[in-house]
Amino acid sequence: MEFFRIKKDIPFMRHALIFNVISALTFVAAVFFLVTRGLHLSVEFKGGTVMELKYPNAANQEKIRTDLIKLGYEQPEVSSFGTAQEVMLRLPIIESVAGSTGSQVVFGALCKSEGGAVTRIDTVVKGQSVAKDACRSPAGAEVLSLQKVEFVGPQVGDELAHNGISALIMVVVFVVIYLAIRFEWKYAVSAILANLHDVVIILGFFAFFQWEFSLAVLAGVLAVLGYSVNESVVIFDRIRENFRKQRKASVEEVIDNAITSTISRTIITHGSTQMMVLSMLIFGGATLHYFAMALTIGILFGIYSSVFVAAAIAMWLGVKREDLIKPVKEKDETDGAVV
């Protein structure tokens, strides 16, 4: 399926040096921000408490933040999820509030702010009696309920960070092996450098703006890595096909034709994916916001890197027709002759 077809090849490789200088500068800037500012890691990595609360009416998030700051939390993360009455708190570990008992202190402070008092009640959950904290007003009405509490210790956070890095390394290794088997090592190196370029730039954005880097964002980064590989594979497949058809064309002409002939497909694929991701970014709420942000940045730079980075690096590594197509061995006229 094509929206349009370009009859004359666009000379992408003629401008490859300019675009790759831009890529290099962007990459260096991303690394600089990662080193100097670092990532704003979420409680999954640093350790902390995640609480889900429910109010009878729309929650006043600014009031909740003010109450948490009074407890000693410098940058408490308060976001709504599901409905306006439901609130999620992501609180780091601080010295003034003990780790596992921090949720009780926080719930008590928020309950007091609503003019209620914490009471212990017994409820039935899945056929079992469970003790639960409730916040009730003097009239007996429930003004705040604690839906869920999760505590992540620093050791667990370190383990999650280690597992995340291991997952990223494994993806890179298997992608290189796959591309080396399917094409040739020059294509594998160029594709993985282009894809890591996308990953580092995403991390650079998160470091520069100090957006929260959570497990959901890590999942988005890994998704971008696989998504960008797919685009590189499509272009490399067309390059291999062109090497068979265009016997007299130069390497630059072959690559230019491969990219030009796949532009319509690229626009359809990336455009539809980007619309879906933007809908998550705009309407998905705080829970999906940074996950969608990572995908949005990754898809935009994925198009750029597949065209101007991966193909250009493959050209500079010296790809040639013989790398993908075995030369036909000329038949010896003396074969089978009896002397």
Side-chain angles (χ1 to χ4, degrees), residues 40-161 210-217 280 283-291:
H40 174 44
L41 299 175
S42 66
V43 295
E44 290 99 340
F45 297 111
K46 294 190 298 184
T49 304
V50 179
M51 300 175 61
E52 294 180 7
L53 307 174
K54 187 174 183 179
Y55 288 80
N57 301 309
N60 187 340
Q61 296 187 19
E62 288 303 320
K63 181 183 177 183
I64 296 173
R65 276 193 198 91
T66 302
D67 293 335
L68 293 174
I69 291 173
K70 291 178 181 178
L71 290 176
Y73 294 100
E74 294 182 359
Q75 294 180 330
E77 298 175 20
V78 182
S79 59
S80 58
F81 73 102
T83 63
Q85 291 82 20
E86 296 175 311
V87 176
M88 176 181 289
L89 310 181
R90 305 168 76 89
L91 308 173
I93 298 174
I94 59 175
E95 295 181 0
S96 59
V97 180
S100 58
T101 62
S103 60
Q104 298 176 10
V105 175
V106 169
F107 185 71
L110 295 178
C111 178
K112 183 179 179 181
S113 177
E114 295 296 322
V118 178
T119 58
R120 197 77 168 172
I121 61 173
D122 293 328
T123 59
V124 179
V125 179
K126 295 181 180 180
Q128 295 182 350
S129 180
V130 179
K132 180 181 177 182
D133 288 336
C135 178
R136 298 187 182 277
S137 65
E142 189 173 28
V143 295
L144 179 63
S145 63
L146 181 61
Q147 303 292 100
K148 184 180 178 182
V149 177
E150 291 181 355
F151 176 74
V152 180
Q155 185 175 358
V156 177
D158 291 340
E159 184 179 347
L160 287 173
Q210 286 296 288
W211 294 331
E212 183 187 51
F213 190 85
S214 62
L215 285 175
V217 175
M280 284 197 300
F283 304 109
T287 305
L288 295 176
H289 181 76
Y290 291 123
F291 170 73

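Side-chain contact between Lys46 and His40 is present, with heavy atoms from C-beta onward closer than 4.5 Å. In this structure, the side chains of Ile64 and Leu89 come closer than 4.5 Å at one or more pairs of heavy atoms. Between Val106 and Tyr73 the shortest side-chain heavy-atom distance falls below 4.5 Å.
Checked by atom type and distance alone, the side chain of Ser80 never pairs as donor or acceptor with a backbone atom of Ala84 at under 3.5 Å.
For Glu212, the side chain to side chain donor-acceptor pair (under 3.5 Å) partners at least two apart in sequence or on another chain are Arg90. In this structure Gln210 satisfies the side chain to side chain donor-acceptor pair (under 3.5 Å) test with no other residue, sequence neighbours excluded.
Atom NZ in Lys70 sits 7.0 Å away from atom OG in Ser113 (nearest 0.5 Å). Once rounded to the nearest 0.5 Å, the distance linking CE of Met88 with NZ of Lys148 reads 7.0 Å. With rounding to the nearest 0.5 angstrom, the CG atom of Asp133 is 8.0 Å from the OG atom of Ser103. In this structure, CG on Leu146 lies 9.5 Å from CD on Gln104, to the nearest 0.5 angstrom.
Taking both residues in full, the closest heavy atoms of Gly115 and Pro138 are given as O-CD, 3.5 Å, listed atom of the first, atom of the second, then distance. Contact detail for Gly116 and Val143: the closest heavy-atom pair is CA-CG2, 4.4 Å. The heavy-atom pair separating Leu215 from Ser42 by the smallest distance is N-OG, 4.4 Å.
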Q: Begin with the C-alpha distance, continue with both residues' side-chain angles, and end with the deciding distance and a verdict on side chain to side chain contact (heavy atoms under 4.5 Å, CB included) for Val149 and Thr49.
A: CA-CA 7 Å; Val149 177; Thr49 304; 4.1 Å; yes
Could you tabulate the donor-acceptor pairs under 3.5 Å formed by side-chain atoms of residues 50-62, not counting sequence neighbours?
residue, atom, partner, partner atom, Å
Asn60, OD1, Glu62, N, 3.3
Asn60, OD1, Lys63, N, 3.2
Glu62, OE2, Arg65, NH1, 2.9

